[in-house]
Amino acid sequence: MSKKKGLAKVTIYPDWCKGCGICAAFCPAGVFELRADGKSHVVREEECVNCGFCELHCPDFAVSVTPKEISRRKTDACVDPRVEAADPSAGTDPGPEENVGTPNREEDHGHKKA
Amino acid sequence: MAQVTQLIHDYLRHNKKFPHVYCAGCGHGIVLGSLIRSVHGLGYAKDDIVLVAGIGCSGRMAVYVDFNTVHTTHGRALTFATGIKMANPNLKVIVVMGDGDAMSIGGNHLIHAARRNIGLTTLVLNNNIYGMTGGQYSPTSPVGTVSATSPFGQLERSFDIVDMAMASGASYVARGTVLHATMLDGLISDALEKPGFNLVEILTPCHTQYGRKNKFKTVVDMYQWYKKNTVKLDRYRQLKSEEQDKFTPIGVFRDEMRPGLETRYAELRNKLQEQRNA
Ligand SMILES: Cc1ncc(C[n+]2csc(CCOP(=O)(O)OP(=O)(O)O)c2C)c(N)n1
Ligand code: SF4
Ligand SMILES: [Mg+2]
C-alpha cells in the first residue's frame, strides 16, 4: 500500500493546544510547526499521510485528522478503523510498507532495531 | 472533526475546565484517550463503568471523564474499588493510580488486591515521581534520580511494578507506554475483558517534576527515550542478559484467566443457599 498524501484535513484547536511539541516531533510528514505563540500550527497539510499518530498522541485532544475520502470508505463512515484497533496483537507487526503512516508507526522507530 | 478526537470529546465532561490541568506533554492525557478508546471499542455503556482514582495528577482523570467516577483518597483507590466490586460485581471497575499512589502509600492494598485476585482493572501511571506534590522521588524512581527529596540522586533500589503484581498473584499483568498508544489501547482493552485482578503498568512522562531534573531537555526527549529503551516482551526474551539490562520490556507478562474473588464469593453464596434450601 503506497501512502498517498494530501488526503486529510488536519485541524488544531488552539484553545486546547499547550504546545508540547509531540505532534511536531513525531509527524512523519512534517505537517506541524511550533510557533512563538506556544502552539502547534498546521503548515504542510498537503503532506499529511493520514497516519493518525498526532491524534492518538495529543495529550490534550487538540488535533484531529479527517480523511477527505472518509465517506467513500466501505466501512460505516462513523467508525474509524483506528478506533477499532484495540487488539493487543494490533501494532505488533506492521508489514514492511505499513511502517510509516499507520497508527503503529512508533513500532518501526522503537524497539524494532533492538 | 475526525473520529478519534470526536470520540474522546464525547466522553469528556465539558462542564469541567479544559484544557485539562496536566502540564504540556504530560502522558496522563494520552492514557485518558487510550482508556476512552478501549471502553468505546468494547461497547461498554458509560453507566456500567466505575472509574476509581486516587489522589495525584493521575487521579485527576476521574474529574474529566463521564463514567461513574469516585475520586478517593491518596493510596486508597483499591479499597474503595474492592467495596464497589463486591457490592455490585456487574460493574466494570477501573482503578487509576500513580506510582506513588499504588506503590508507596497504597502498596499494601495493591499486594492484597492482587493476592485476592478481585476483578478490577488497574492502571498504574508510572512517571517515576510524585508529580502533583512537587517532585519527591517515588518507589519507582530509578537509582540516581535527582528529585526534590534527593538532590544528589536517590540511593534506593526501585520497585518493578510488573514483578510486584505478579508475585502478589494478579491473574493478568502487562506493561505499556504512552508512546506505543495503539498497543496501549490493546493492552487496556485486553485487561478490561479478563477476569480477576488485571494490572497494566503504563510508562508516562512527567517532564515538569522528573524529566527536567534528570537530563531530559524537553518532554519530547522523554518520548524518544521510550522509543529507544523499550522492547516488546517476546523480543526481549530472545536478548542476551547483558543486552536485556539496556531495555524495559513491554507487553503481556501474565494472562491466566483465573476467576475473580467476587465470582468465587457468588459461587459460595449460591452453594450455601442451596444447602440451606435442601
Ligand atoms: C494521605 C495523603 N498523603 C499524602 C498526600 C499528598 N499527596 C498528594 S498526591 C501525592 C503523590 C502523587 O504521586 P503519584 O501517586 O505518583 O501521582 P502523580 O501525581 O505522579 O500522577 C501525595 C504524596 C495526600 N493527598 N494524602
Ligand atoms: S506535574 Fe507531572 S504528572 Fe503532574 S501534570 Fe505535570 S507533567 Fe503530569
Ligand atoms: Mg507519579
Side-chain angles (χ1 to χ4, degrees), chain A residues 8-11 13-26 34 38 50 52-67 70 76-94 102-114, chain B residues 1-9 12 18-20 22-34 37-38 40-42 174 177-183 185-190 207 218-221 223-224 226-232 234-236 239 243 246-247 249-252:
Chain A
K9 168 127 196 64
V10 186
T11 312
Y13 310 117
D15 290 353
W16 288 37
C17 174
K18 293 176 186 153
C20 67
I22 295 174
C23 55
F26 287 95
L34 274 185
N50 189 27
F53 184 96
C54 54
E55 212 177 19
L56 284 175
H57 290 81
C58 176
D60 286 281
F61 320 119
V63 54
S64 76
V65 184
T66 313
I70 188 118
D76 178 347
C78 299
V79 182
D80 189 297
R82 280 166 289 175
V83 180
E84 303 231 296
D87 167 352
S89 58
T92 51
D93 195 17
T102 73
N104 310 328
R105 68 177 279 282
E106 66 263 32
E107 307 308 328
D108 61 303
H109 291 282
H111 29 78
K112 270 275 163 76
K113 289 181 206 111
Chain B
M1 210 189 283
Q3 280 69 16
V4 176
T5 296
Q6 174 63 59
L7 174 74
I8 288 166
H9 283 250
L12 298 180
F18 280 98
H20 52 52
Y22 299 140
C23 305
C26 173
H28 291 357
I30 302 178
V31 178
L32 175 57
S34 183
R37 290 191 297 271
S38 303
H40 180 85
L42 292 168
T177 87
V178 290
L179 177 71
H180 303 82
T182 313
M183 180 188 182
D185 290 10
L187 294 175
I188 296 177
S189 305
D190 205 20
H207 187 251
T218 65
V219 70
V220 167
D221 292 346
Y223 287 86
Q224 301 282 10
Y226 294 140
K227 204 163 96 170
K228 292 196 191 82
N229 295 281
T230 57
V231 61
K232 286 265 163 62
D234 44 3
R235 189 156 322 196
Y236 178 84
L239 295 173
E243 280 286 301
K246 297 180 202 151
F247 296 99
I250 54 175
V252 178

Taking all atoms of both residues into account, what is the closest heavy-atom pair of A:I22 and B:V220, and its distance?
N-CG2, 4.0 Å

When you measure from the side chain of A:K18 to the backbone N and O of B:Y22, does any donor-acceptor pair fall under 3.5 Å?
yes

Applying a strict 4.5 Å limit to non-hydrogen atoms, the region of B:V219 in contact with chain A is side chain

Does any heavy atom of chain A fall under 4.5 Å from the side chain of B:L12, the backbone, both, or neither of them?
side chain

With sequence neighbours excluded, tell me which residues meet side chain to side chain contact (heavy atoms under 4.5 Å, CB included) with A:C58.
A:D60, A:A62, A:V63

Anything under 30° is parallel, anything over 60° is perpendicular, the rest tilted; go ahead and classify A:F61 against B:H20.
perpendicular

dist B:I30:CD1 -> A:H57:NE2 (nearest 0.5 Å) comes out at 6.0 Å

Which one wins on heavy-atom pair count under 4.5 Å against chain A: B:A174, B:G29, B:G33?
B:G29

How far does CH2 of A:W16 sit from NE2 of B:H9, to the nearest 0.5 angstrom?
4.5 Å

Residues forming a side-chain hydrogen bond (donor to acceptor under 3.5 Å, both in side chains) with B:T218, sequence neighbours excluded:
B:D221

Which atom pair, heavy atoms only, marks the closest approach of B:G25 to A:C20?
N-CB, 3.1 Å

Spacing of B:T182 atom OG1 and A:F53 atom CZ [to the nearest 0.5 Å]:
8.5 Å

Heavy-atom side-chain contact between A:F26 and B:Q224 under 4.5 Å:
yes

Distance in Å, B:L7 CG paired with A:E55 CD, rounded so as to fall on 0.5 Å steps
9.5 Å

